[in-house]
Each structure stands twice: as structure tokens, then as C-alpha cells.
Amino acid sequence: MKTYSLDEFPATLGADAPMVRFAGVTKRYGDLTVLDALDLDVSEGEIISVIGPSGSGKTTVLRMLMTLETIDEGVIYVAGEPLTHVQRGGRLVPANQRHLRRMRGHIGMVFQHFNLFPHMTALENCMEAPVHVLGFSKKQARARAEELLEMVGLKDKQDQHPTRLSGGQQQRVAIARALAMRPKVMLFDEVTSALDPEVVGEVLNVIRKLAREHNLTMLMVTHQMGFAREISHRVCFFYEGKIAEAGRPEEIFAEPKNERTRQFLSAVLEAG
Amino acid sequence: MSYPEFLAEFGPRFVSGAWITVQQTVLAILVAVGIALVMGLMRLSHNLAMRGVATVYIEIFRGTSLLVQLYWIFFVLPLFGVTLDKFTAGFLAVGMNIGSYGAELVRGGILSVPKGQWEAALALNMSPTKRMVRIIFPQALLNMLPPWGNLLIELLKGTALVALISVADLMFVSKQINGSTFLSAEAFGTALVIYYVLARLVISPGMRRLERVMSRRMGRA
Amino acid sequence: MFDWRWDFTFRILPALIDGTINTLIAAGGGYAIAVVLGLVFALAQRTPVPGLRPVVRELVEVIRSTPLVLQIFFVFYVGPQFGLRLSPWTAGMIAIGLHYAAYLSEVYRAGIDAVPRGQWEACRALNLSPVRTYARVILPQALPPALAGMGNYLVGIFKDTPMLSVIGVGELMHTANAIGSEHYRFLEPYTLVGLIFLAISLPAAAGIRAFEARVRAALGMEKG
């Protein structure tokens with residue numbers, strides 16, 4: 001990570017700042033450049049689908065935003081403030097743990113392999129972080145957790161352990177668990193890729209509901225092109241670490257301008 | 001003298017010796033678990049100094065034999081100003097020795113927890129401490145219970161060595177009785193049976209029960 | 001508090017080296033017994049002879065569940081009552097050999113169990129005798145994965161030899177005790193014993209780990 005002067009990157013973004021801004025973000029693994037000077041703004045309440053071949057850097061975008069990976073160059077802003085950096089002595093220096101923990105509260109993530117805590121019931125999974133991170137009382141956390149599990153349609157399974165739940169059910173619990181922390185931004189990392197086809201629908205329905213009823217900012221890495229087309233405000237096609245093409249779903253899916261986008265879409269749609 | 005007569009006469013001494021062995025075992029277990037947790041976690045630390053200290057401790061206590069460590073703690077430590085009575089020296093040495101093996105089990109157990117669990121806890125903004133205590137360690141614990149069962153039996157066997165610094169445990173008692181009666185088969189045989197009972201009929205079932213209880217709490221049983 | 005006397009150290013070193021050599025001999029001898037006897041125990045638990053299996057099984061369990069030092073005393077003192085005149089050396093090596101045979105038998109059993117069932121069936125189909133089956137087919141496949149476990153127990157035996165000092169075997173610990181009692185100084189002898197053990201067991205353990213990695217790599221290549 002690099003330190004920057006305030007001329008290169010501002011300490012705060014203005015009043016009409018986007019909810020998320022990637023500014024010149026680069027990520028390398030050894031010799032491999034996974035993301036190359038990425039510039040991306042996401043407005044509040046916007047739903048963005050990130051598509052592209054594997055290795056294009058799309059999952060890395062989410063993981064960096066969730067602070068699961070560090071960045072090598074550039075700055076990520078969330079809600080107008082730097083996420084990856086903190087201002088000190090007139091410069092932007094790499095953020096310390098305290099700053100990261102403060103900013104991380106704005107972001108929630110749902111993983112491809114659910115990652116539910118196996119030693120807790122569905123309800124306890126959703127209560128754990130509100131109690132131990134946000135300081136909710138057990139009663140408050142329980143009430144909220146029950147509400148969320150009801151919303152994802154799993155109230156009757158709230159006392160089950162993850163091993164007793166199907167993949168689709170586990171993923172819905174995972175969504176409820178992430179929502180319990182009241183994030184401003186929700187990240188969905190290929191959340192249906194590990195599911196049997198019959199249960200993909202139930203998870204997509206929950207996401208659909210979220211999109212309709214809440215003003216959440218959402219970034220989704222997905223292979224479900226039909227779904228992406230249906231609910232996204234914007235689609236970004238990643239290729240070799242850069243956004244090769246971005247635009248409204250109708251534009252991207254119906255009339256892709258970039259050759260690579262076209263190749264990718266035809267390969268995916270043929271397989272599906 | 002027949003065996004029943006032997007038992008009638010010397011039974012009480014075996015019992016008192018066995019009681020000392022049980023005490024040594026329980027105290028050594030407390031020491032061993034404590035050290036295993038501390039050293040195991042230190043071995044996983046990002047801090048090079050902590051990792052180094054733990055590694056040195058583990059290599060020393062695993063690389064030398066318990067008997068050498070016992071004698072060192074009891075005979076040499078006083079020269080450094082640390083004088084321990086033989087009972088304390090006994091369970092301390094056993095605990096510190098077994099603890100070094102336990103540290104590797106703790107490390108292995110924690111490393112066996114899937115990476116996704118760490119990431120999910122981080123995504124929920126849990127602090128590193130809360131993450132370890134509430135999420136990672138409970139899962140690691142279930143994974144490490146079977147090898148710990150074997151290790152605790154090794155610990156029980158290790159306590160027999162404290163007889164060599166004259167702690168009046170089961171081993172010591174059997175040696176004494178052998179020395180005065182020359183009924184070696186009865187004396188040592190009885191001790192063997194009692195150790196066997198403690199190992200196979202107390203420790204092993206106890207650990208299996210613990211595994212079952214933990215499995216249920218994990219929703220796996 | 002304490003003062004390390006180097007002159008004393010160098011004076012006692014030759015005796016300690018002698019003790020070390022005895023230790024290595026005891027460890028080696030005990031291990032040789034354990035390797036062979038362990039195989040006997042392992043095979044005895046696969047025998048169709050009725051009644052033998054549970055007896056051997058129980059014997060192995062008893063040996064693994066009770067302290068080695070107690071077993072050493074048992075062999076040394078009870079042996080004569082069965083008409084065996086046992087020197088400390090002999091009794092010691094028998095006890096250690098028996099003890100580690102029990103452990104090694106478990107390692108062998110795991111190795112044998114890991115040989116695919118099809119191998120046994122192929123031997124049966126080719127009408128190979130049990131001896132041929134084991135000697136030429138099963139054991140050669142069972143042993144390579146077992147070697148790492150066997151190596152660990154070799155280091156383990158080495159570290160357990162001090163227990164032989166209790167029946168008067170002149171190995172390293174016994175020598176150190178004798179020196180310590182004679183000169184009323186335990187600091188140098190015991191510390192040197194510890195260092196000598198470390199000097200032998202640490203490289204040995206590292207060597208076994210490296211050997212295990214090579215065996216695993218070789219097996220991996222064979223399968224591929």
C-alpha cells in the first residue's frame with residue numbers, strides 16, 4: 001500500500017459523494033496484476049452486477065472492499081471517507097486496524113460457500129455479530145434476527161444448525177446474518193454458484209426482495225445473466241483486471257460494444 | 001501369600017498411591033492445557049518474537065525426555081533460586097512436557113478450521129479476539145479432541161516418573177512394596193492394572209463423552 | 001546463585017560421551033526388537049486363529065496404557081521369577097522392545113489397512129500362500145507410508161532410554177546421576193544431558209520430517 005498527499009487523493013469526498021469509489025486501485029499478486037488502476041463509482045442505492053471470465057479480477061474487487069485483501073495502489077472510499085487509508089499529518093496513510101474496523105461496519109458480504117458458523121443455530125448465527133460487535137442486548141439481537149429470518153422465509157428453521165439446512169437455506173441465512181449488521185453496502189460474491197439449480201431461485205428471490213424494498217447499495221459478482229439483467233442498474237464487464245465495458249443492462253446484454261464482452265456473453269449464454 | 005491376602009494387606013497403600021497419581025495427573029493436565037493454549041496460539045502469532053519463543057519452548061520440551069526435564073527442574077532449578085517441593089516439581093515437569101505436544105495439537109486444530117470461517121467473521125466486523133474465542137476456537141476444539149485423548153494417556157503414564165524423585169505415587173508405592181516383600185509380580189502387576197483402569201476406563205471414556213457432548217453442541221451429532 | 005564450571009564440564013564429558021554411546025546402543029537394540037515384535041503383534045491381530053486376536057489386542061492395549069518405567073521394573077524383577085536371569089541391559093531392552101512393539105504394531109496395522117482391498121483379492125485369485133501374500137505384495141505396499149511413524153518412534157525410544165537408569169543400565173542419564181552424586185554438582189551433568197539429547201533428537205526429528213516429505217512425494221509420483 002502507498003501513502004499519498006492530499007493533492008493526489010482528497011481526504012473526504014464532497015456532499016454528493018458516491019457511496020463507493022475505487023480511485024486508481026491496483027492489486028498485484030507477485031508478477032500478476034489482478035486489478036489495473038480501477039476507477040469505479042457506485043451511487044447510493046445502486047445495484048451493480050460485475051461479470052467477466054475467471055481471473056478477470058471481479059471477485060478481488062469485492063474482497064478488497066470487504067477488506068479481506070489489501071490494495072497496492074490507489075484509494076477506496078466508502079460513504080465519502082477513505083476506507084483503505086486514513087488522514088494523518090496532511091497525508092493519506094494506510095489505515096490502521098481501528099480505522100478499518102470502523103469503516104468495515106458499512107459493508108456486508110455474502111460468500112459463495114456461505115461460511116455459516118456450524119456450531120451455532122441459524123438464529124445464533126444472525127445474533128452473534130450484533131451482540132458481540134454492535135453491543136446489542138441479546139433480546140434486541142434476537143428480535144432483529146427473527147425479523148430477518150422471517151424476511152428470508154426461514155423463521156421455522158431458526159433453531160436448526162447449518163448442517164441440517166439445504167444449500168439454498170444456508171445461503172438465505174447468510175444473507176440475513178449479513179443484513180443484521182445494517183450495512184450500507186451489500187456484497188454478493190457468486191452467491192448461487194455453489195447451489196443446486198433447484199434452490200438457486202429461492203436465493204435470487206430474497207435478493208430481488210432486498211432490491212425492491214430496501215435502499216441498499218449492492219455489488220454482485222454473478223454468472224446468473226438473466227438475473228443480472230433483471231435487477232441491476234448497471235453492469236460492469238471485467239477483463240484482465242480492467243473494466244472493459246460498463247453500462248445499463250439493456251446496453252450490455254443486447255448490444256455489447258466491446259468484442260470481448262460479446263465473446264464472453266455468447267459463451268456464457270450458450271452454456272446456460 | 002495369595003493374591004487376595006496381598007490385596008488385603010497392601011490395598012490401602014495402593015489406594016493412597018493411586019490417589020497421589022490422580023492428583024498429579026489432574027494438576028499436570030491443568031498445566032499442560034494452559035501451556036498448550038498459550039504456546040499453540042503464540043506459534044500462530046504474526047509476531048516473530050512470539051513465534052520464536054513458542055518454537056524454542058516446544059522444541060526443547062519435545063526434544064528432551066521427560067525424565068531429564070524432571071531432574072533438571074527438581075535438582076538444577078534450585079541453583080537458579082527456584083526451589084520447588086517434589087510434588088510441585090513433579091506435575092509441573094509433566095505438564096510442561098505434555099503441554100509442548102499439546103501446543104502442536106492446538107495449532108493443528110486451529111489451522112484445520114476452514115478459511116471461510118475467518119473471512120465470515122471478519123466480514124461481520126468481529127474483533128480478532130472475539131473471532132478466535134467465539135468462532136474459530138470452538139470449531140478447533142472439536143477437531144483436536146481425539147488426539148488429546150491419546151495425549152492425556154501419555155500424561156498419565158508420565159506421572160509415573162515422579163516416583164523417581166520420591167513422590168509417593170502409585171509407581172513409588174509398588175516399588176516400595178516390591179522392595180520389602182519381593183512379591184514383584186503382585187506389586188508391579190497390581191500397579192499395572194490400576195494404571196490400565198485409569199487410562200482405559202476413566203480417561204478414554206471421559207474423552208469420548210466430551211467429544212459427543214461437543215459434537216452435539218456443534219449440531220453435528 | 002550458579003556458576004558454570006567449564007573445567008568440570010570438560011572433565012566429565014568423556015564419561016557422558018560413553019553414556020551417550022550406551023544410550024544409542026540401548027535405543028538401537030530396543031528398536032530392533034520393537035520393529036520385529038511389532039510386526040508379529042500386527043499380524044497376530046489379523047490371524048484367523050480363534051482366541052489369539054483378542055489376547056494380542058488386549059496385550060497391546062495394556063502395554064500402551066501403562067507406564068514404560070513400570071514395565072521396565074516388571075520385566076526386571078518378575079523375569080527371574082519365571083526362571084529368566086536378566087541383566088539390567090537385557091531386561092531393559094526387552095521392556096523397551098515390548099513397549100514400542102505395541103506402538104509400532106498400530107503403525108503397521110494402519111499401513112496394512114491402507115493397502116487397497118483389491119490387492120488381497122488379486123493374491124487370492126492367483127492362489128498365493130499367506131506368506132507370499134504378505135511378504136511379496138502386502139507388506140511392501142504397507143511399509144512406505146508407515147516409515148514416518150516408525151521414524152518418530154525411533155526418536156521416541158531414544159528419548160525414553162533414561163528410564164533404563166532406574167535399573168542400573170549405564171546409559172547417559174545414569175552416568176549423569178552418578179557424576180552428580182559423586183561430585184555434588186548437578187548443574188553441568190544434567191544440562192549437558194539435556195543438550196546432548198537436543199543435539200541428537202532435533203536433527204533426527206528434522207531428518208524424519210524431510211524423509212516423510214520425500215516418501216510422500218515419491219508415492220504421489222507413483223500414483224500419478
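Letters go in sequence order (proteins before strands), and every chain restarts at 1.
C:K159 contributes a side-chain N or O that, together with a main-chain N or O of B:R62, makes up a donor-acceptor pair within less than 3.5 Å.
Residues C:S65 and B:R200 share a closest heavy-atom pair of OG-NE, 2.8 Å. Shown here for B:V68 and C:P162, the closest heavy-atom pair between the two residues is CG2-CG, 4.3 Å. Smallest separation of non-hydrogen atoms from C:S165 and B:L67: OG-CD2, 4.3 Å. Of all heavy-atom pairs between B:A160 and C:V69, the closest is CB-CG1, 3.8 Å.
Rounded to the nearest 0.5 angstrom, B:Y196 OH and C:I63 CD1 are separated by 11.5 Å. Taken from CG in C:L172 to OG in B:S65, the straight-line distance is 9.0 Å, to the nearest 0.5 Å. Distance check: B:S184 OG to C:F76 CZ gives 10.0 Å after rounding to the nearest 0.5 Å. Between the CZ atom of C:F186 and the CG atom of B:L77 there is a distance of 14.5 Å, given to the nearest 0.5 Å. Taken to the nearest 0.5 Å, the CD atom of B:E154 stands 8.5 Å off from the CZ atom of C:R64. Rounding to the nearest 0.5 angstrom, the gap separating the OG1 atom in C:T66 from the CG atom in B:L192 is 5.0 Å.
Between B:F188 and C:F74, the ring planes are perpendicular. Angles over 60° get that label, and only those under 30° would be called parallel.
Contacts between C:E188 and chain B at a heavy-atom distance below 4.5 Å are absent for every atom of the residue. At a 4.5 Å heavy-atom cutoff, the contact between B:I60 and chain C is made by backbone and side-chain atoms alike. Within the 4.5 angstrom heavy-atom criterion, only side-chain atoms of C:V166, from C-beta onward, approach chain B. Interface remark: B:Q69 contributes no atoms to any contact with chain C (heavy atom separation under 4.5 Å). Both the backbone and the side chain of C:L70 come within contact range of chain B, with heavy atoms under 4.5 Å apart. If you measure heavy-atom distances from C:M173 to chain B, the contacts under 4.5 Å come from the side chain alone. With a threshold of 4.5 angstrom between heavy atoms, B:S204 does not approach chain C through any atom at all.
Shown here is B:Y3, whose OH atom has more than 12 heavy atoms of other residues, nucleotides or ligands within 6.0 Å.
The candidate from C:I196, C:L68, C:N177 with the greatest count of non-hydrogen atom pairs under 4.5 Å with chain B is C:N177. Ranking C:Y190, C:F197, C:F158 against chain B, the residue ahead of the rest is C:Y190, based on heavy-atom pairs under 4.5 Å. The candidate from B:I153, B:L164, B:N178 with the greatest count of non-hydrogen atom pairs under 4.5 Å with chain C is B:N178. Across C:T191, C:I200, C:L195, the residue that shares the most heavy-atom pairs under 4.5 angstrom with chain B is C:T191.
Residues C:L202 and B:E59 meet the side-chain proximity criterion, which asks for heavy atoms closer than 4.5 Å.
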